[in-house]
There are 2 protein chains.
Amino acid sequence: MIFIRMIIDKYQYLKMKSNLCRTIPISLPLSLSPSLPLIQAVLALFLAVPVWSQAGKGAIKPVNFAEVRFDDVFWKPRMDKVAAVTVPVCITYTEEKTGRIRNFDRAAGKLDGPHEGIFYDDSDVFKALEAMAYTLKIQPNAAIEKKADEWIDKIAAAQQADGYLNTYYTVTGLDKRWTDMGMHEMYCAGHLIEAAVAYFNATGKRKLLDVSIRYADHLDALFGPGKKNWVPGHQEIELALVKLYHTTSDQRYLKLANWLLEERGKGLGKGYTWDNKSWGGVNYCQDNVPVKEIADITGHAVRAMYMYTGMADVAAELSGAGYEAALQRVWEDVVGRNMYLTGGIGSSGHNEGFTNDYDLPNESAYCETCASVGLVFWNQRMFLMTGEAKYVDVLERSLYNGALDGLSLSGDRFFYGNPLESEGRHARREWFGTACCPSNIARLIASLGNYCYAHSDRAVWVNLYAGNSASLQLAQGRVAMTQQTNFPWEGMVKIAVNPEKKMAFALHLRLPGWAGGEASPGDLYHFLDTIKTGIQILVNGQPATWHAEKGYAIIQRTWRPGDVVDLQLPMEVRRIGASEELTAGINRVALQRGPLVYCFEGPDNNGEVFNIIIPDHISLQKTWRADLLGGVMTITGDASVLLPSADGQSMSTWRRQVTAIPYYAWNNRGPAHMQVWMPRKVARARVWGN
Amino acid sequence: MIFIRMIIDKYQYLKMKSNLCRTIPISLPLSLSPSLPLIQAVLALFLAVPVWSQAGKGAIKPVNFAEVRFDDVFWKPRMDKVAAVTVPVCITYTEEKTGRIRNFDRAAGKLDGPHEGIFYDDSDVFKALEAMAYTLKIQPNAAIEKKADEWIDKIAAAQQADGYLNTYYTVTGLDKRWTDMGMHEMYCAGHLIEAAVAYFNATGKRKLLDVSIRYADHLDALFGPGKKNWVPGHQEIELALVKLYHTTSDQRYLKLANWLLEERGKGLGKGYTWDNKSWGGVNYCQDNVPVKEIADITGHAVRAMYMYTGMADVAAELSGAGYEAALQRVWEDVVGRNMYLTGGIGSSGHNEGFTNDYDLPNESAYCETCASVGLVFWNQRMFLMTGEAKYVDVLERSLYNGALDGLSLSGDRFFYGNPLESEGRHARREWFGTACCPSNIARLIASLGNYCYAHSDRAVWVNLYAGNSASLQLAQGRVAMTQQTNFPWEGMVKIAVNPEKKMAFALHLRLPGWAGGEASPGDLYHFLDTIKTGIQILVNGQPATWHAEKGYAIIQRTWRPGDVVDLQLPMEVRRIGASEELTAGINRVALQRGPLVYCFEGPDNNGEVFNIIIPDHISLQKTWRADLLGGVMTITGDASVLLPSADGQSMSTWRRQVTAIPYYAWNNRGPAHMQVWMPRKVARARVWGN
């Protein structure tokens with residue numbers, strides 16, 4: 001019966017897309033009891049026909065960053081820092097301290113000399129440009145916009161007559177282009193498109209968008225069914241082509257994205273990425289199985305994140321793509337068995353990626369900043385596809401912890417990896433040889449407006465709580481949304497809902513997992529205590545009527561200009577335990593308050609953190625420290641601390657106050673000892689003489 | 001004035017070598033005061049003329065393993081284990097579990113199919129064969145000898161008409177041979193020669209020797225001044241060619257060895273070894289400076305050891321080679337700044353080699369077994385070149401600790417790396433993909449006879465103390481030497497000196513550093529206490545007349561058949577401290593008794609070793625444990641141990657007996673915690689909940 005159901009769905013679906021398939025005669029003997037082989041054959045016929053159509057006209061749509069303006073205590077200063085410091089750092093490294101911009105002049109024939117740097121360095125230029133675009137909306141800056149236009153001129157000048165644009169091959173020999181799938185040509189193309197779309201959205205200027213369209217047309221002319229085969233060695237082009245489709249409405253880009261995804265797992269991939277067996281061969285770049293069959297997470301974390309993002313993007317547009325089940329499976333594998341409490345993923349530095357389930361060591365945790373950024377992208381798309389808040393829980397976890405940790409408070413130092421424990425060997429750095437992370441965290445923070453809200457024709461979703469104003473277009477008209485809050489330091493959020501006129505729609509307020517009973521989707525992490533306070537929602541000062549669905553509190557009513565919603569989220573310190581399968585978390589506790597995971601760092605604890613035991617019975621208090629790390633809510637308590645005697649001949653345990661800080665803020669006072677997972681009791685110890 | 005002195009030396013030296021250079025007219029204005037440029041020019045003239053002559057006819061010569069028969073408590077059982085277990089394991093892996101032998105059949109055209117394994121796998125066959133050769137002298141075994149002859153037939157059949165012999169290129173395409181200096185062709189050739197010489201010495205059979213001579217002739221025809229340039233990407237051929245020279249007296253091989261050494265550091269090296277910059281490029285394979293200019297140790301440890309061995313071999317034969325100063329410099333750099341207490345070298349797994357001075361972490365210590373084997377080779381040659389006992393001290397340290405640790409007590413499990421600390425993540429393995437270590441430690445132990453004695457025309461050196469009998473050829477006649485001892489468990493050594501007739505010669509008894517005031521050459525390690533007992537030497541029961549020189553007690557007398565020397569070495573437990581520059585050794589103590597470095601392992605200490613403090617004042621006793629690890633002398637003492645309370649809420653320090661075992665014996669009871677360097681006092685601690 002399942003096959004008949006599928007055929008009916010397909011039939012319904014074909015009926016919906018009137019323009020492309022209306023001439024296909026459909027006549028199925030549904031009243032008969034068709035043999036299984038017959039049904040399979042019919043089904044195969046349908047599946048073999050590509051079905052290009054937009055899924056769910058009433059689907060959830062993102063709100064563009066350009067429509068959201070932050071004015072809060074937490075993100076606005078960070079966005080300002082990115083605009084004032086991080087982006088200028090990226091510019092300096094891109095055009096002065098490295099040859100990234102010079103390569104475009106060489107490709108344009110305006111400068112002599114060999115290609116400088118690594119073959120994928122163009123991507124850093126595009127990502128820096130994308131970050132610049134977002135910041136122009138945060139802090140209009142004529143100098144930055146002039147610089148962006150100057151770069152765009154250089155980029156445009158480096159484009160070949162046929163649309164190709166890659167300085168490495170243009171400088172080293174165009175005869176070798178498109179010969180090695182591992183050489184990041186499509187990866188760089190994807191970042192060009194993302195930058196172009198962002199700059200177009202931020203400024204309305206089309207020049208880079210037109211460059212990227214010409215390049216996309218070149219790709220479309222060269223690759224696809226009956227044309228040249230290609231498996232991108234580093235995914236990214238797929239999600240970018242969907243962005244270009246959203247911007248241009250040209251379905252060719254959506255089809256090409258889907259075709260590139262479908263190319264994987266068929267043994268077609270060739271090139272240096274595949275040749276390096278020590279990285280994991282086909283597993284490394286997720287070319288091991290067709291994407292529809294993905295069940296387990298493998299390989300390079302950033303590649304995986306960008307690919308799943310692209311798959312979810314395509315799935316949201318093409319119901320026939322059939323990626324939903326695979327995405328659900330692999331998402332459960334990631335968050336249920338392979339994600340750190342910080343939202344960091346990819347535990348191994350060797351392959352910058354995944355190893356075995358539950359292999360999540362804390363000190364050697366790789367947790368690349370870019371991978372956490374990618375986890376944000378992917379979970380946003382999963383939410384858009386399903387409307388489930390659990391994806392935003394993961395997005396929020398990654399954003400406030402694993403990703404945000406990648407950027408120093410000063411805005412000009414970066415972590416490539418984000419471990420959950422350090423004996424002082426980790427240090428933030430000014431830049432990297434492979435410099436993907438700085439511009440990636442910059443573009444994420446600068447475009448945070450993309451992630452706060454979503455809407456459909458008759459509903460609004462509030463996903464992230466932060467002081468800001470936004471404008472959303474519903475079927476009946478526009479709605480202005482304004483949040484006032486001290487989140488994540490306090491849990492009170494005042495939301496002004498201002499439809500341009502009286503309008504009925506469903507307001508979805510996300511109920512974060514940390515505000516209830518589920519520490520994280522899956523069994524990897526759990527609360528060690530129950531919450532004492534609850535969620536309160538008022539509408540215009542009166543208790544609201546709402547129901548919970550898919551992790552949201554839904555208030556369905558006719559909204560009027562001036563309506564105000566008060567949301568009170570419980571901000572208790574949550575004590576979190578890890579699954580027994582997580583060796584590094586046995587008999588340990590981690591602290592979380594709101595979305596923020598906490599850690600203990602040496603400077604707040606007499607230089608040491610590995611001698612601290614956090615017994616279950618001690619009470620933990622929050623204390624606001626305006627003077628510390630740009631202003632943070634600390635967590636303090638009287639814990640057990642192991643200390644040496646004066647003569648160094650013995651040790652004993654003392655009760656002493658200890659202090660935890662938000663994880664994102666560690667390593668801003670130089671390298672130091674740090675630990676997220678603290679022993680609840682002690683079974684053994686190790687001593688050092690110094 | 002230093003230049004004049006050098007010229008005089010050169011002059012003296014030229015006078016000595018009567019056969020080659022007697023027609024060179026030498027007439028230097030020594031009574032004048034020549035200008036520096038003139039002297040330099042004259043010197044350059046001399047240095048530019050290759051001087052092929054055997055240095056010092058009265059030089060120190062090694063004693064061939066075939067002349068020494070062991071019957072002691074320590075080495076004989078290990079040699080028997082190598083013969084009975086390790087060598088058969090090597091045979092099984094070489095011909096059944098991997099395709100190493102099948103590749104020779106393919107190269108001979110007797111078997112189809114592609115080359116199996118890695119391009120340097122031939123070398124494992126040759127090293128296994130070399131080990132087989134040595135064991136035939138320990139345990140004559142018709143089956144092993146038959147197997148060796150069978151392999152030799154296969155090897156001979158794979159040799160090309162021009163002498164070339166390398167299964168990888170013969171099977172994959174001879175047109176590509178000698179095109180990539182990184183491809184280990186000369187490395188494999190070197191191991192072929194070593195095996196051939198060993199088998200010839202053990203059995204008198206020439207077949208493999210003739211094969212290796214044909215290959216060496218091929219090399220000599222192809223490479224050399226005015227012929228093809230070559231820089232071996234992995235040194236080994238150099239020392240092997242000197243062995244072939246010693247066996248055949250054909251000076252071409254010595255010259256070729258020297259030429260290959262001289263080729264280095266000139267920018268001639270090319271190939272994949274050089275291309276892999278992450279390993280260190282030219283530094284990795286010691287192609288960074290001309291060998292005469294070497295000052296610092298760099299790169300891959302085994303490559304370095306084999307090269308220095310070859311340099312010392314050449315230097316011992318060709319005084320004009322000029323390698324002595326470089327070898328002294330780099331030796332001081334190795335033992336003074338880059339050697340573990342165990343004689344392990346090469347701290348980093350990334351390049352299997354050296355990093356920065358004093359970078360000797362204990363837990364991540366790579367200390368490849370092969371590198372310690374190489375350190376034994378090199379120090380033997382340094383001793384032969386100089387007559388200094390300090391080199392044998394290093395040889396002994398490496399042999400009894402870093403190298404011996406590479407082989408399990410059972411003889412069939414191996415360590416590739418030999419760390420000085422383990423949290424249980426290290427385990428001995430049955431075999432390795434790159435399987436250099438098993439046959440390397442097998443051939444070293446089986447050929448231990450090479451290292452016990454040395455002689456010149458009128459002197460005998462006793463370097464290693466172990467129960468054995470040997471026969472040495474002095475100018476006046478043969479001397480039979482017999483040692484009876486329980487060394488290394490006890491320090492009494494009875495040496496029977498039996499010249500075939502009354503003979504005057506100098507008997508050199510090595511005075512080990514550990515029996516006196518110097519823990520190790522250089523400042524890296526030092527004794528924390530002074531020794532209470534001294535060295536005693538009797539000749540025929542009476543206190544001997546001896547003097548100390550170059551680390552030896554020299555007894556110069558006319559020896560008669562039946563003479564007996566009693567040597568008593570102090571076998572106190574020595575407490576060793578490390579230089580402050582060695583971070584991992586600060587406020588720590590290591591224990592050594594005789595040549596054996598000790599460690600603390602979990603199974604002897606309630607499963608834990610990192611909670612132990614060894615205070616300075618506690619007394620440490622030796623206890624013989626026949627039941628433990630094949631019989632070991634343990635060291636015990638009442639130390640301070642940090643233990644948790646029953647409820648796991650606190651910790652405190654207790655006095656408890658702890659037990660140390662010889663380092664070589666650890667990890668024979670499965671993975672466990674282990675530590676060599678123990679805290680003397682405690683400054684900090686780390687707690688775990690499990």
Side-chain angles (χ1 to χ4, degrees), chain A residues 277-278 349-350 361-364 421 423 425 433 577-578 580 582-589 602 606-618 639-655 673 675 677-690, chain B residues 277-278 349-350 361 363-364 421 423-425 433 577-578 580 582-589 602 606-618 639-655 673 675 677-690:
Chain A
K277 300 290 185 243
S278 88
H350 175 67
N362 289 318
E363 204 265 342
S364 62
E421 178 183 312
E423 294 190 356
R425 286 189 291 268
E580 287 291 311
L582 219 81
T583 314
I586 294 176
N587 284 340
R588 287 179 184 265
V589 59
N606 291 19
E608 284 191 74
V609 301
F610 296 114
N611 59 341
I612 300 173
I613 305 157
I614 305 287
D616 288 351
H617 63 271
I618 68 167
S640 302
V641 181
L642 193 61
L643 297 170
S645 61
D647 65 1
Q649 292 304 312
S650 65
M651 298 206 94
S652 49
T653 314
W654 299 79
R655 181 58 57 106
H673 286 199
Q675 192 168 227
W677 288 100
M678 307 299 290
R680 299 163 64 186
K681 58 183 189 178
V682 60
R684 63 190 176 92
R686 173 168 188 166
V687 296
W688 283 269
N690 65 308
Chain B
K277 300 289 184 246
S278 88
H350 175 68
E363 204 265 342
S364 62
E421 178 183 313
E423 294 191 356
R425 285 188 291 267
E580 287 290 310
L582 220 80
T583 314
I586 294 176
N587 284 341
R588 287 179 183 264
V589 59
N606 292 14
E608 285 191 74
V609 303
F610 296 113
N611 59 342
I612 299 171
I613 305 157
I614 306 286
D616 288 351
H617 63 270
I618 69 167
S640 302
V641 181
L642 191 61
L643 296 171
S645 61
D647 66 0
Q649 293 303 314
S650 65
M651 299 206 92
S652 48
T653 315
W654 299 80
R655 182 59 56 102
H673 286 198
Q675 192 167 227
W677 287 100
M678 308 298 291
R680 298 162 66 185
K681 59 183 187 178
V682 60
R684 62 188 176 96
R686 172 170 188 165
V687 296
W688 281 268
N690 63 313

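Order of the sequence lines sets the chain letters (A, B, ...), proteins ahead of strands, with each chain counted from 1. Values reported hereafter were calculated over all heavy atoms of this structure, with side chains retained and with hydrogens, waters and symmetry mates removed.
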* Asked: Are the side chains of B:Arg680 and A:Gln649 in touch, meaning some heavy atoms are under 4.5 Å apart?
  -> no
* Ion pair check, A:Arg686 and B:Glu421, cut-off under 4.0 Å -> yes
* Between CZ on residue B:Arg655 and OG on residue A:Ser650, distance to nearest 0.5 Å -> 10.5 Å
* To do: Measure B:Leu642 against the heavy atoms of chain A and call it side chain, backbone, both or neither at under 4.5 Å.
  => side chain
* What distance do B:Asn690 atom CG and A:Lys681 atom NZ have between them, rounded to the nearest 0.5 Å? -> 10.0 Å
* Based on non-hydrogen pairs under 4.5 Å, which of A:Val641, A:Asn611, A:Asp647, A:Ile586 is most in contact with chain B? -> A:Ile586
* Residue among A:Thr653, A:Ile613, A:Val687, A:Val609 with most heavy-atom pairs under 4.5 Å to chain B -> A:Val687
* **Side-chain touch A:Phe610/B:Arg684, heavy atoms, less than 4.5 angstrom** => no
* Pick from A:Ser645, A:Ala685, A:Ser640, A:Pro679: which one has the most heavy-atom pairs with chain B under 4.5 Å? -> A:Ala685
* Contact class of B:Ser652 relative to chain A, heavy atoms under 4.5 angstrom -> both
* Segment of A:Ile612 engaging chain B (4.5 angstrom heavy-atom cut-off) -> backbone
